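The structure under discussion appears below in the form of structure tokens.
Residue numbers start from 1 in every chain, and the chains themselves are labelled A, B, ... in the order their sequence lines are given, proteins ahead of strands. No hydrogens, no waters, no symmetry mates; every other heavy atom, side chains included, goes into these values. Just so it is clear, the structure is predicted and the values come from calculations on it, not from any experiment.
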2 protein chains.
Amino acid sequence: MNFSIAEENYIKAIWHLQQADNNVTTNELAAELQTKPASVTDMLKRLKEKKLLNYQPYYGVKLNADGKKVALSIIRKHRLWEFFLVEKLKFNWDEVHAIAEELEHVSSNELIKRLDDFLGNPRFDPHGDPIPDGSGKMETLNQISLHELKENISATVTGVGDQTSSLLELLNKKNISIGTKLEIKQRNSFDASVEIKLRNQPLITLSEQLAKKIFVKTV
Amino acid sequence: MNFSIAEENYIKAIWHLQQADNNVTTNELAAELQTKPASVTDMLKRLKEKKLLNYQPYYGVKLNADGKKVALSIIRKHRLWEFFLVEKLKFNWDEVHAIAEELEHVSSNELIKRLDDFLGNPRFDPHGDPIPDGSGKMETLNQISLHELKENISATVTGVGDQTSSLLELLNKKNISIGTKLEIKQRNSFDASVEIKLRNQPLITLSEQLAKKIFVKTV
DNA sequence: AATAAAATTTAGGCAAATCTAAAAATAAAT
DNA sequence: ATTTATTTTTAGATTTGCCTAAATTTTATT
């Protein structure tokens with residue numbers, strides 16, 4: 001089966017929202033896709049026709065097995081292209097999302113197979129998100145948010161909460177990227193901000209909002 | 001200015017037909033794009049609105065300076081991606097055209113700039129066609145068709161007439177690719193076929209149709 | 001339980017890009 | 001120079017994907 005770019009974007013958006021929420025609403029989707037609820041309803045009817053999802057009018061939507069498979073193949077493409085852009089073309093991690101949004105719709109499966117091999121079958125994209133394999137399987141690394149990390153426990157940054165440029169630029173400024181080792185030294189109860197230490201560096205402060213968007217794994 | 005995929009495909013097709021013909025007709029375009037003449041007329045009106053071409057109803061169409069610039073930027077993308085696919089992902093030259101047709105519509109200019117550098121600023125694509133630079137300039141190598149080559153003059157293959165897989169597969173079978181050195185040994189006046197010799201190989205026969213699609217440069 | 005608020009769907013339209021069938025213009029042939 | 005054939009355009013529909021405004025359904029509140 002072959003899908004339009006618009007259809008692929010809906011499938012991908014539903015998949016992402018479904019991770020957090022399980023049941024996805026029309027308004028959530030409209031916000032995510034920068035479109036109107038009425039347009040979403042239209043598309044959901046079409047995707048239901050194509051048997052990619054369970055859609056109950058007024059009660060939201062959920063991808064079925066076929067829909068998830070399509071979603072994961074798009075996500076695989078997206079993340080492989082992001083890896084290519086950073087690793088080979090030397091883009092910064094905060095510049096690649098929009099370009100990968102276009103590249104992910106190029107249809108050739110042979111292309112993706114060869115790109116994967118060319119890149120050395122990477123398992124994580126530049127933001128730390130796992131890259132699904134050809135059959136849709138994907139590692140789940142049990143990371144926690146920095147906000148939940150206990151004090152004085154050494155951890156490594158493994159991912160970020162989203163790819164908005166404002167978040168990624170702030171992380172660049174604070175010298176935090178995937179693989180960075182850090183430790184929480186103090187918490188400020190007033191605003192839930194945390195004081196963290198990077199190797200041999202003075203303490204820096206991260207706001208609660210920021211700490212919640214940084215995912216880490218303890219060593 | 002930004003263009004839809006359909007618009008880009010029309011612009012590119014007009015450019016190619018214009019190379020052979022200068023003035024491009026509605027029917028030619030319809031055949032090239034596998035669509036109907038009525039659809040072509042519609043699109044030509046739209047592209048005229050956007051001031052990319054000179055369109056005289058009933059008398060055909062020609063890209064203007066702006067239209068040519070757009071065409072060359074698409075062709076640049078197409079040929080750079082073809083080079084990437086063959087050089088880095090190890091596709092055969094007869095497998096890359098369709099994939100590059102999709103990749104060429106990815107819009108980021110920064111992407112193309114970096115891809116160009118990553119590839120080492122190649123000047124020719126895998127079929128021997130010159131790659132326009134960022135400003136639209138392109139080498140014209142004064143090649144002739146093999147059909148016009150004189151007997152017993154050594155020449156190098158520099159290009160092919162089109163990218164149809166039937167042509168490229170036949171060339172593969174006969175071991176002819178860009179860079180191949182050859183020489184015409186005999187001509188058969190009956191069917192205008194030619195007997196050619198590749199280095200240290202027995203004579204092989206090429207039909208008139210085939211010889212006309214192979215371009216060479218004498219050394 | 002009735003009413004107000006919020007979320008969602010329906011109805012009706014629009015633009016892009018395509019199509020078929022019919023009309024008009026140009027080119028070719030007698 | 002007419003007639004015929006070919007090419008091209010116009011007219012009217014269709015599909016996709018989106019919109020606004022109005023109607024409907026669900027959820028929240030009194």
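- Closest to the A/Lys36 side chain, of the nucleotides C/dT18, D/dC18, D/dT20, is D/dT20.
- Separating the CG atom of A/Asn9 from the C1' atom of D/dC18 is a distance of 14 Å, rounded to the nearest angstrom.
- Comparing A/Met43 and A/Tyr59 along DNA chain D, the residue whose closest nucleotide (by nearest heavy atom) sits nearer the 5' end is A/Met43.
- A close approach under 4.0 Å does not occur between any side-chain nitrogen or oxygen of A/Ser4 and OP1 or OP2 of D/dT16.
- The CG atom of A/Leu33 sits 8 Å away from the P atom of D/dC18 (whole-angstrom rounding).
- Whole-Å rounding puts the A/Gln34 CD to D/dG17 P distance at 18 Å.
- In this structure, the nucleotide among C/dT18, D/dT16, D/dT9 sitting nearest to the side chain of A/Arg46 is D/dT16.
- A distance-only check finds a donor-acceptor pair linking the side chain of B/Lys174 to the backbone of B/Thr205 [under 3.5 Å].
- A/Phe84 and B/Phe118 have perpendicular rings, their planes meeting at more than 60° on a 0 to 90° scale where under 30° would count as parallel.
- Judged by distance alone, the side chain of A/Lys217 and the main-chain N or O of A/Thr158 form no donor-acceptor pair under 3.5 Å.
- Side-chain polar atoms of A/His78 and A/Asp125 form no donor-acceptor pair below 3.5 angstrom.
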Could you list, one pair per line, each protein nitrogen or oxygen that sits under 3.5 Å from a nitrogen or oxygen of nucleotides 10-13 of chain C, together with the distance?
{"residue": "C/dT10", "atom": "OP2", "partner": "A/Lys45", "partner atom": "NZ", "Å": "3.0"}

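- Remark: side-chain polar atoms of B/Lys77 are not paired, donor with acceptor, to backbone N or O of B/Ile112 under 3.5 angstrom.
- Using a 4.5 Å cut-off on side-chain heavy atoms (C-beta onward), A/Leu170 and A/Ile176 make no contact.
- Checked against C/dT18, C/dT8, D/dT8, the side chain of A/Asn27 finds its nearest nucleotide in C/dT8.
- Between B/Phe3 atom CZ and C/dA15 atom C1' there is a gap of 18 Å when expressed in whole angstrom units.
- The 12-atom threshold is exceeded at CD of A/Glu151, counting heavy atoms of other residues, nucleotides or ligands nearer than 6.0 Å.
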What's the verdict on side-chain contact (heavy atoms from CB on, under 4.5 Å) for B/Asp162 and B/Leu168, showing C-alpha distance, side-chain angles and the deciding distance? CA-CA 9 Å; B/Asp162 64 62; B/Leu168 298 179; over 6 Å; no

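- The CD-C1' distance, from A/Glu28 to C/dT8, rounds to 13 Å in whole Å.
- Note on B/Thr26: a side-chain N or O is less than 4.0 Å away from OP1 or OP2 of D/dT9.
- Checked by atom type, the side-chain pair A/Asn27/A/Thr25 shows no donor-acceptor distance below 3.5 Å.
- Under the 3.5 Å distance criterion, with hydrogens and angles disregarded, a donor-acceptor pair is assigned to the side chains of B/His127 and B/Glu82.
- As a whole-Å value, the separation of B/Gln56 CD from C/dA24 C1' is 17 Å.
- Nucleotide D/dT7 holds its P atom 15 Å from the CG atom of B/Asn23, rounded to whole Å.
- At whole-Å resolution of the value, CG in B/Leu29 and C1' in D/dT9 are 15 Å apart.
- Each end of the helix from C/dA1-D/dT30 to C/dT30-D/dA1 yields a helix axis from five base pairs, and these two axes differ in direction by 10° (to the nearest 10 degrees).
- One finds no side-chain N or O of A/Thr35 lying less than 4.0 angstrom from the OP1 or OP2 phosphate oxygen of D/dG17.
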